[in-house]
Amino acid sequence: MSDHDDADTGALLDAYLERLQRGDAAARGELLVRRPDLASILECLDRLERFAPSEVELSQAEALDPTLADPASGPPTDTAAGPAAPALAGDYEIIEEIGRGGMGVVFRARQKSLDRPVAIKMVLGCHLASPEQLRRFRLEAKSAAALSHPNIVRVFDAGEVNGQHYFAMEYVAGQSLAQRLAAGPLPLDEAIELLVRVAGAVEYLHAHGIVHRDLKPANILLAADGEPLITDFGLAKLLAADSARTASGVIAGTPSYMAPEQAAGRPDEVGPAADVYSLGAILYELLTGRPPFRAETPLDTVLQVLSGEVIPPRQIERRIDPALEQICLRCLEKRPQDRYPGAAAVAGELQKYQRGEPLAVEATDIWQRIWRWMRREPALAGRLIVLAAFYLVQQLNYRVFHASDAQFHFQVCVILGIWVLVSLAAGRLIKRRRLELGAGFVWGTVDCALLVLVVWMANSVASPLVMLFPLLIAGSGLWFRVRLVWYETALVVASYLALVLDYELLRSELHAVVPVSMAQHVVYVATFFLLGGVIAYQVHRVRSLSRYFDRQFPEQEGA
């Protein structure tokens with residue numbers, strides 16, 4: 001740029017940005033013809049636009065600094081310096097921005113010919129939008145325009161002006177269900193009636209061959225009279241001829257509310273049952289104040305949706321009626337065929353509950369409850385199963401094979417009892433987010449100490465129980481913390497070396513009965529380190545994938 005004056009270059013770039021904000025798609029090409037030396041700068045500007053904050057980032061920033069959400073509460077700001085709303089030629093006058101998501105931005109506008117308020121949705125960064133994004137945008141407009149239901153936001157018009165794709169829809173002056181829930185829970189009767197109406201609208205969608213695929217409180221608007229209206233068909237899927245619309249392996253939706261088959265990236269399996277699952281997730285939040293799954297990161301939430309088991313609502317709020325809990329859990333079944341057959345069935349069950357009639361859903365039996373508990377508490381369930389097996393073997397050794405005396409049997413039973421109590425206590429601690437990681441270190445330390453005590457009582461390193469040490473290292477990987485894996489590995493190695501010293505220096509009488517060579521000790525220690533390294537590496541890869549997922553898809557955890 002040495003051949004051009006910096007002031008002229010700045011003026012050209014300012015004009016270029018203004019044209020882009022007005023939706024002038026020809027601005028880039030014309031500038032490059034005039035100034036080809038600015039190609040690298042334009043590429044930089046394009047890349048920077050991709051870092052525009054999503055709804056989640058904006059809401060988090062507003063939570064930290066309320067002046068971002070309400071400029072009147074902070075220092076005066078120069079609104080004239082901010083970017084102007086894009087001009088839209090024709091029948092619409094843009095007034096203000098009212099919402100922004102991962103793909104689109106919504107403005108409040110006025111339709112001049114009918115003098116009525118409307119909401120205008122546009123593709124965010126249209127000059128950067130891919131053909132797939134524009135196709136999805138047009139699909140949303142086409143899907144929504146064909147609908148007419150009192151609980152679905154109406155679409156009036158769709159089109160394109162100067163390369164700016166838009167559609168005009170009904171303007172709802174109220175707030176979203178997510179905003180309403182942030183202010184406090186709804187009365188139970190009101191919440192059930194609201195979901196009945198939403199389920200009726202979802203059934204209407206299904207009858208017209210549309211699966212919404214992104215039902216959540218943020219996509220349910222509440223009119224001034226409290227009437228719910230479903231909006232945002234950006235992920236809507238037409239049931240007919242849809243094989244090319246979503247690539248296999250692509251995860252589309254919001255993790256806390258998406259069905260397992262949707263979270264797994266299997267679009268061919270996503271049908272009406274996915275919306276039934278989302279209705280159950282919304283009902284769960286209406287009952288408990290939180291979605292069924294919400295982890296530290298979006299990827300962790302997806303993993304919970306795929307393999308975790310939801311906590312029954314009554315464990316969070318004891319006042320919830322068991323029958324209502326059964327309706328909710330039936331919607332949240334992992335397998336689509338185990339859920340209600342459609343949204344109409346969900347609405348029917350809720351209406352039966354309101355009238356006090358018997359429900360179609362059956363209460364889960366004791367074995368189903370045990371299985372679900374084991375899926376919710378894999379670490380605790382795994383330890384209790386191992387301890388139960390250990391106790392069974394000890395009972396056989398004592399009562400059938402007479403391989404141990406009464407004193408040893410009693411000591412082992414006491415240790416196992418303490419182990420069970422410690423596991424139960426640690427299992428409760430890990431449910432508290434502030435104590436979760438600390439509880440993992442404490443639990444691993446106690447496990448190792450009690451195992452060392454049992455092995456020491458049973459012939460030290462000459463006992464086959466030393467094979468349980470690798471299980472402690474493997475179990476530490478379930479916490480997905482590299483530091484914890486290495487801590488447990490170091491603890492196991494130190495414990496084993498202490499037992500080796502005990503065997504070599506204090507248990508000389510065992511050398512002739514159960515000989516253990518030094519080579520075996522070296523193999524054991526090397527195996528412990530190797531196992532710890534492999535598990536730590538795998539945990540590191542999962543954590544790296546989680547961070548990548550968060551950076552690439554921040555909007556996936558949208559409000």
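Scope of the values below: all heavy atoms of this structure, side chains included, with no hydrogens, waters or symmetry mates. Numbering of residues begins at 1 and proceeds along the displayed sequence.
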- [ ] Could you tell me whether the side chain of S256 and the main chain of F293 form a donor-acceptor pair under 3.5 Å?
- [x] yes
Open item on the list: On a heavy-atom basis, which atom in V276 and which in C331 lie closest, and how many Å separate them?
Closed with: O-CB, 3.6 Å
Task: Close side-chain approach of L194 to L177, heavy-atom, < 4.5 Å - done: yes
Task: Listed partners of E357 passing side chain to side chain donor-acceptor pair (under 3.5 Å), at least two apart - done: R355
TODO: For S113, check side chain to side chain contact (heavy atoms under 4.5 Å, CB included) against everything at least two apart and list the hits.
DONE: D91, Q111
Open item on the list: Please give me the minimum heavy-atom distance between A344 and E203, naming the atom from each residue.
Closed with: N-OE1, 3.1 Å
Task: Residue list, side chain to side chain contact (heavy atoms under 4.5 Å, CB included) with A345, at least two apart or on another chain - done: Y340, P341
Open item on the list: Rounded at 0.5 Å granularity, tell me how far CD in E349 sits from CD in Q326.
Closed with: 10.5 Å
Open item on the list: Set out, in order, the CA-CA distance, both residues' side-chain angles and the distance that settles side chain to side chain contact (heavy atoms under 4.5 Å, CB included) for L279 and V198, then state yes or no.
Closed with: CA-CA 8 Å; L279 288 173; V198 171; 3.8 Å; yes
- [ ] Taking all non-hydrogen atoms of both residues into account, name the closest pair between A343 and A199 and its distance.
- [x] CB-O, 3.4 Å
- [ ] Report the distance from atom CD1 of I192 to atom CG of L283, rounding to the nearest 0.5 Å.
- [x] 7.5 Å
TODO: Just jot down the side chain to side chain contact (heavy atoms under 4.5 Å, CB included) partners of A323, sequence neighbours excluded, or say none.
DONE: D321, Y353, L359
Open item on the list: For D225, give me all partners under salt bridge (Lys or Arg N to Asp or Glu O under 4.0 Å), at least two apart in sequence or on another chain.
Closed with: none
- [ ] Could I get the full list of salt bridge (Lys or Arg N to Asp or Glu O under 4.0 Å) partners for E170, not counting sequence neighbours?
- [x] R154
Open item on the list: Do S278 and M258 have side chains that approach each other closer than 4.5 Å (heavy atoms only, starting at C-beta)?
Closed with: no
Open item on the list: Quick check: do Y284 and P291 have side-chain heavy atoms less than 4.5 Å from each other?
Closed with: no
Open item on the list: Under a plain distance cut-off of 3.5 Å, with no hydrogens placed, do Y277 and E333 share a side-chain donor-acceptor pair?
Closed with: no
Open item on the list: Could you measure the distance from the NE2 atom of H212 to the NE2 atom of H206? Nearest 0.5 Å is fine.
Closed with: 9.5 Å
Task: Residues which pass salt bridge (Lys or Arg N to Asp or Glu O under 4.0 Å) with R116, listed by chain and number, not counting sequence neighbours - done: none
Task: salt bridge (charged side-chain N to carboxylate O under 4.0 Å, His left out): pairs with one or both residues in residues 255-264, sequence neighbours excluded - done: E261-R339
Open item on the list: Could you check whether any side-chain heavy atom of E97 comes within less than 4.5 Å of a side-chain heavy atom of V106, counting everything from C-beta outward?
Closed with: no
Open item on the list: Under a 3.5 Å distance rule, please check whether R110 uses its side chain to pair with a backbone N or O of E93 as donor and acceptor.
Closed with: no
TODO: Using atom types as modelled and distance alone, determine if a side-chain donor or acceptor of K334 lies under 3.5 Å from a backbone N or O of G308.
DONE: yes
- [ ] Check whether any side-chain heavy atom of V105 lies under 4.5 Å from a side-chain heavy atom of K121, and answer yes or no.
- [x] no
Task: Heavy-atom pair of closest approach, residues L332 and G280 - done: CD2-C, 3.8 Å
Task: Pair I316-R290, side chain to side chain contact (heavy atoms under 4.5 Å, CB included): steps then yes or no - done: CA-CA 10 Å; I316 301 174; R290 47 168 283 189; 4.0 Å; yes
- [ ] Working to the nearest 0.5 Å, report the span between SG of C328 and CZ of R314.
- [x] 13.0 Å
Task: Inter-residue atom distance Y92.OH - F156.CZ, 0.5 Å rounding - done: 8.5 Å
- [ ] Could you list all the salt bridge (charged side-chain N to carboxylate O under 4.0 Å, His left out) pairs where at least one residue sits in residues 179-199, not counting sequence neighbours?
- [x] E193-R197, R197-E227
Task: Closest contact, heavy atoms only, L324 versus L287 - done: CD2-CD2, 3.4 Å
Open item on the list: If I take atom CD1 from residue I152 and atom NE2 from residue H149, how far apart are they, to the nearest 0.5 angstrom?
Closed with: 6.0 Å
TODO: Could you tell me whether the side chains of N219 and S176 share a donor-acceptor contact shorter than 3.5 Å?
DONE: no
Task: R213 with D275: basic N within carboxylate O range, under 4.0 Å - done: no
Open item on the list: Going by the rule salt bridge (Lys or Arg N to Asp or Glu O under 4.0 Å), which residues pair with R318 if we only count those two or more places apart in sequence or in a different chain?
Closed with: none
Open item on the list: Measuring only between side-chain heavy atoms, which start at C-beta, is I210 closer than 4.5 Å to L147?
Closed with: yes
Open item on the list: side chain to side chain contact (heavy atoms under 4.5 Å, CB included) for D157 and Y166? Distances and angles first, verdict last.
Closed with: CA-CA 9 Å; D157 183 28; Y166 76 93; 3.5 Å; yes
- [ ] Compute whether any side-chain donor of one residue and acceptor of the other, for N151 and Y204, lie under 3.5 angstrom apart.
- [x] no
Task: Set of residues satisfying side chain to side chain contact (heavy atoms under 4.5 Å, CB included) with respect to A109, sequence neighbours excluded - done: I94, V118, I120
Task: Minimum heavy-atom distance L329-P313, with the two atoms named - done: CD2-CD, 4.0 Å
Task: Min side-chain heavy-atom separation V211-L205 under 4.5 Å - done: no
Task: I220 vs T231, side chain to side chain contact (heavy atoms under 4.5 Å, CB included): CA-CA, chis, key distance, verdict - done: CA-CA 6 Å; I220 299 174; T231 187; over 6 Å; no
- [ ] Check whether any side-chain heavy atom of V346 sits under 4.5 Å from a side-chain heavy atom of V196, and report yes or no.
- [x] no
